[in-house]
Protein chains: 2
Amino acid sequence: MEADPSDKVFKALADPGRRLLLDRLRAEDGQTLRRLCEDMGMTRQAVAKHLRVLEEASLVVPIRRGREKLHHLNPAPIQEIADRWIGRFDRGRLRALADLKAKLEGDPDG
Amino acid sequence: MEADPSDKVFKALADPGRRLLLDRLRAEDGQTLRRLCEDMGMTRQAVAKHLRVLEEASLVVPIRRGREKLHHLNPAPIQEIADRWIGRFDRGRLRALADLKAKLEGDPDG
DNA sequence: TGATTATGCAACCGTTCGGTTGCGTGTCAA
DNA sequence: TTGACACGCAACCGAACGGTTGCATAATCA
């Protein structure tokens with residue numbers, strides 16, 4: 001039902017825990033699940049679920065190394081969103097905000 | 001519990017319907033609720049709920065005009081995310097993707 | 001005034017989400 | 001070979017989500 005491929009990325013980014021995981025992988029790439037569980041305040045299985053969501057959004061690429069699974073960050077989908085989607089709201093439109101503020105202040109009854 | 005002010009923005013962007021509403025407001029700013037309901041495939045109340053989420057994320061600013069409510073797009077929070085958060089995953093890191101691909105291809109067993 | 005229009009409010013409902021517990025499987029090391 | 005370690009799988013649970021229906025309220029117009 002959902003054709004937009006970037007939808008998974010948006011949904012994956014919607015959770016603060018998952019954003020934290022991305023931050024941690026950015027700080028140190030290729031960490032193991034056990035390692036990523038530290039200071040997350042939740043069980044290993046919960047973290048594994050979050051990582052799975054990130055994997056399905058292609059934000060994290062897992063590499064099996066013997067009995068452990070190294071998680072690698074893939075920033076490409078985020079850049080894609082920044083370029084394709086957020087780029088639409090370019091800085092030129094930010095001028096509209098000033099206009100809006102002026103309108104709000106000059107027309108207090110709404 | 002959630003201190004991050006940008007969390008609401010991420011969550012608001014997580015729904016494709018809400019992203020569509022932002023797109024429509026980008027195409028034509030200051031639309032009424034009734035207008036925004038057209039071709040959304042859901043009831044007015046559902047659209048109103050989505051708009052409320054966008055308002056609480058400061059992505060949409062409503063202005064009452066008599067009995068109707070004009071919805072104005074505020075791209076600032078999106079730019080904020082693009083600058084503050086997505087900016088961390090700068091293009092320099094995209095080189096890591098090539099390295100990762102090489103690693104995956106050169107080490108097929110994972 | 002009275003009908004119509006634009007919106008708000010609230011209860012309700014099925015599904016998804018974030019998290020847990022419990023158990024199974026494969027890998028490494030003594 | 002045995003035990004510990006890293007991980008996967010699945011059932012379960014409460015809360016949040018996306019959407020509906022029904023009714024109330026305020027502004028406009030004939």
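Letters A, B, ... mirror the listed sequences (proteins, then strands); counts begin at 1.
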Looking only at side-chain N and O atoms, does A:His50 come under 4.0 Å of OP1 or OP2 in C:dG19?
yes
Using a heavy-atom cut-off of 4.0 Å across all strands, would you classify A:Arg35 as base, sugar-phosphate, or nothing?
nothing
Is it true that A:Glu55 and A:Lys69 make a salt bridge, defined as a side-chain N closer than 4.0 Å to a carboxylate O?
yes
Donor-acceptor contact present, side-chain A:Asn74 to main-chain A:Ser58, <3.5 Å:
yes
Regarding the side chain of A:Leu33, the nearest nucleotide among C:dT7, C:dT4, D:dG8 is D:dG8
Spacing of A:Leu51 atom CG relative to C:dG18 atom P, expressed in whole Å:
13 Å
Whole-Å distance separating the CG atom of A:Asp15 from the P atom of D:dC17:
11 Å
Does B:Asp15 come within less than 4.0 Å of A:Lys11, counting only side-chain N to carboxylate O?
no
Which part of the nucleic acid, if any, lies within reach of A:Arg52 when heavy atoms closer than 4.0 Å are counted: base, sugar-phosphate only, or nothing?
nothing
Rounded to whole Å, please give me the gap between CE in B:Met40 and C1' in D:dG18.
12 Å
Do B:Arg67 side-chain and C:dT5 base share a donor-acceptor contact under 3.5 Å?
yes
Could you check which of D:dC17, C:dC28, C:dG18 has an atom nearest any side-chain atom of B:Lys11?
D:dC17
Strictly below 4.0 Å, N to O, side chains only: are B:Arg35 and B:Glu28 in salt-bridge contact?
yes
Whole-Å distance between C:dC17 C1' and A:Leu13 CG?
16 Å
Provide, to the nearest angstrom, the distance between the CG atom belonging to A:Asp7 and the P atom belonging to C:dC17.
10 Å
Spell out, yes or no, whether A:Val53 and A:Leu22 are grouped together once hydrophobic residues are joined by side-chain heavy atoms under 4.5 Å, including indirect joins.
no
Here the distance between atom P of C:dT25 and atom CZ of A:Arg64, to the nearest Å, is 15 Å
For D:dA27, take OP1 and OP2 only and decide whether either is under 4.0 Å from a side-chain N or O of B:Arg65.
no
Please state how far atom CD in B:Glu55 lies from atom P in C:dT7, giving the value in whole angstrom units.
12 Å
Check whether B:Asp29 reaches the backbone of B:Leu73 with its side chain - one donor and one acceptor, N or O, closer than 3.5 Å.
yes
For the side chain of A:Gln31 and the backbone of A:His71, is there at least one donor-acceptor N/O pair under 3.5 Å apart?
no
If I take atom CZ in residue B:Arg18 and atom C1' in nucleotide D:dC17, what distance separates them, rounded to the nearest angstrom?
9 Å
Pairs under 3.5 Å (N/O, protein and nucleotides 20-25 of chain D):
unit_1, atom_1, unit_2, atom_2, d
D:dT20, OP2, B:Thr43, N, 2.7
D:dT20, OP2, B:Thr43, OG1, 2.7
D:dG22, O6, B:Gln45, NE2, 2.9

Less than 4.0 angstrom between a side-chain N/O of A:Thr32 and OP1 or OP2 of D:dC7, yes or no?
yes
